[in-house]
**Student:** 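One structure, as structure tokens, below. Some questions next.
Residue numbering restarts at 1 for every chain, and letters A, B, ... go by the order of the sequence lines.
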Amino acid sequence: MIAFVAFSLKRAWQGFWRNSLMSLAATASMVLMLTLLSGMVILFLGLNATLDYVKGEVQVVAYLNDSATAQDVAQLTSQLQAMPQVSTVKYVSKDQALKNFQVSEPGVADLVDSLPSNPLPASFEISLRDPSDYIDVATFLRDQPAVDSVQDIAKTVSQMTAVINVVSTVGIVVLLIVGLTVLFIIVNTIRLAVVARAEEIEIMRLVGASDAFIRWPFVFEGAFVGLLGAMITIGLLMLVQAPVASLLSSFFNVLPVQATAMVGQNVALMVLGTGVGIGVVGSYVSVRSYLKR
Amino acid sequence: MAKSHPTDPTADGTPVIALRGVTKTYANGKSALRDVNLSVPEGDFVFLVGPSGAGKSTLIRLLIREELATRGKVMLEGRDLARLKRRDVPKIRRRIGIVFQDFKLLPNKSVRDNVAFALEVTGTPRASIKPAVERVLRVVGLAGQADQRPSELSGGEQQRTAIARALVHDPHLFIADEPTGNLDPLISWEIIQLLLRINEMGVTVLMATHNADVVTALRKRVVGLEDGRVVRDETGAAYHRED
């Protein structure tokens with residue numbers, strides 16, 4: 001068994017480099033596919049997490065004009081509390097909003113001190129008993145002169161759901177096409193490797209090598225292409241992780257940051273599994289169809 | 001002085017090779033073998049002669065189970081090759097050593113590695129490969145050239161490398177398909193001497209050849225094929241029919 005694995009690994013390694021140009025081309029297409037795959041998955045996970053976050057926090061946020069007086073605030077508070085749809089009402093003053101911002105964005109806290117005035121509006125954060133009552137409360141708030149704007153969560157949710165659906169449909173189709181292409185490339189690469197070793201295979205058969213000894217080195221070679229492709233992809237992902245993460249968080253704004261580390265690990269495992277999986281399946285198909293005698 | 005060879009397989013234990021009514025017809029309708037009966041007892045040395053296209057190579061391909069007979073039975077050491085399970089085919093092949101006219105050596109491997117290859121690819125533990133290789137290289141007289149590559153060797157040395165590779169599994173049957181076809185007469189004799197030594201070690205030898213001098217000089221058993229049929233089977237015979 002050890003002799004078999006050592007032999008297969010050695011031959012897979014030799015085979016990879018014997019036809020290095022083709023092997024590297026297969027690896028490159030593997031990297032392309034895996035990068036695409038992980039990009040899709042990260043985007044999908046980010047969108048879903050954001051959607052969950054938004055759904056879970058269904059509350060109406062109403063931003064007030066800077067001209068709103070304390071009297072306006074008190075009046076609105078009592079009016080809102082009187083509404084049957086509303087469970088809690090929380091008033092966030094301009095100062096509080098600024099403090100919250102400084103806490104949530106410590107990196108730019110210093111900048112805030114240099115601002116001539118506080119740019120953040122005061123707001124009401126209103127939790128609803130039932131998310132579907134959103135429209136009633138939002139309509140009421142929009143009619144108030146002290147209210148500047150109402151954050152339209154329902155619209156955001158439906159837009160996001162639509163985006164997620166489109167992204168996942170397009171993503172799956174694109175991934176299928178790219179995945180099949182990569183599979184085809186692997187099948188061909190390994191086919192060439194088999195042809196290049198036709199003489200050796202003939203000798204192996206004559207001296208009584210079992211099918212496993214003839215076939216598995218090629219499967220290992222395919223797995224090796226997948227493994228190398230996965231490792232390069234993971235390396236690339238780690239390189240672009242920081243800029244992409246900041247891009248994503250500025251894009252989604254509310255992306256739950258604590259999930260990133262776990263997502264990273266899962267994506268790495270997925271990339272590894274997919275790469276090696278396609279490598280093994282492709283080479284197995286190739287070897288099996290060629291050596292079927 | 002040639003006398004007819006008995007084809008009765010029960011004469012002396014189980015024959016190493018036994019063909020009963022073997023016919024091989026290819027998909028294109030061409031019959032390569034027609035109703036061939038042949039029995040080779042253990043320790044025999046048989047020359048297989050006949051013009052090109054007579055069916056010698058087909059017979060060899062049937063013996064190593066590269067192909068199956070269309071009709072009839074091909075038995076190796078009493079085992080019906082047609083009923084052999086796919087995974088048992090390699091095991092049977094390890095009991096057969098085979099060499100060809102074109103040596104079939106791997107050009108990028110040394111003599112030692114070419115021989116070791118046969119053991120490596122059959123899962124032999126690393127520790128037992130080296131002594132086995134050294135042993136067969138001594139048998140064929142190539143211990144001194146073990147590190148050379150086939151391209152650095154003469155034709156005779158290349159064929160001896162192939163013989164060493166075929167011997168390394170301790171085969172019971174040694175098949176040589178035109179082993180001297182690419183060699184000059186002197187070197188051919190060296191190869192024949194080697195095959196005779198292998199035969200003396202108790203290995204059954206089947207050699208397909210066109211080399212009339214060798215066949216006639218050795219007076220061994222001669223099986224003649226013509227147009228897919230066994231036309232003669234004589235012991236102590238010459239290359240050409242003497243009657």
**Student:** With only heavy atoms counted, which part of A:Phe7 is less than 4.5 Å from chain B, the side chain, the backbone, both or neither?
**Tutor:**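 It is the side chain, since no backbone atom gets that close.
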
**Student:** Does B:Tyr26 OH have over 12 foreign heavy atoms under 6.0 Å away?
**Tutor:** yes

**Student:** Give me the atom names and distance for the closest heavy-atom approach of A:Glu199 to B:Pro107.
**Tutor:**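 Shortest heavy-atom separation between A:Glu199 and B:Pro107 comes out as OE1-CD, 4.3 Å.
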
**Student:** Using heavy atoms and a sub-4.5 Å threshold, report which of residues 111-131 of chain B line up against chain A, by residue number.
**Tutor:**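 The residues closer than 4.5 Å to chain A, in numerical order, are B:Phe117, B:Ala118, B:Glu120, B:Val121, B:Thr122, B:Gly123, B:Thr124.
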
**Student:** Please list, in residue-number order, every residue in residues 16-36 of chain A that has a heavy atom less than 4.5 Å from any heavy atom of chain B; write 'none' if there are none.
**Tutor:**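 The list, in residue order, reads A:Arg18.
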
**Student:** Output the distance between atom CD1 (B:Ile96) and atom CG (A:Leu206), rounded to the nearest 0.5 Å.
**Tutor:** 10.0 Å

**Student:** Looking at every non-hydrogen atom in both residues, tell me the closest pair between A:Arg215 and B:Arg86 and how far apart they are.
**Tutor:** NH2-NH2, 3.5 Å

**Student:** What is the minimum heavy-atom distance between A:Ser210 and B:Pro90, and which atoms define it?
**Tutor:**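 Distance-wise, the nearest heavy atoms are CA-CG, 3.7 Å.
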
**Student:** Verify the neighbour count for atom CE of B:Met201: are there more than 12 heavy atoms of other residues, nucleotides or ligands below 6.0 Å?
**Tutor:**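 Result for CE/B:Met201: enclosed.
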
**Student:** Would you say B:Arg61 has more than 12 foreign heavy atoms packed within less than 6.0 Å of its CZ?
**Tutor:**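 For B:Arg61, atom CZ is crowded (more than 12 foreign heavy atoms under 6.0 Å).
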
**Student:** According to the side-chain hydrogen bond (donor to acceptor under 3.5 Å, both in side chains) rule, which pairs have a member within residues 164-177 of chain A, sequence neighbours left out?
**Tutor:**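 Residue pairs passing side-chain hydrogen bond (donor to acceptor under 3.5 Å, both in side chains), neighbours aside: none found.
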
**Student:** Can you pull out the residues in residues 146-175 of chain B with any heavy atom less than 4.5 Å from chain A?
**Tutor:** B:Arg165, B:His169

**Student:** Taking atom CD1 of A:Ile203 and atom CZ of B:Phe103, what is their separation to the nearest 0.5 Å?
**Tutor:** 13.0 Å

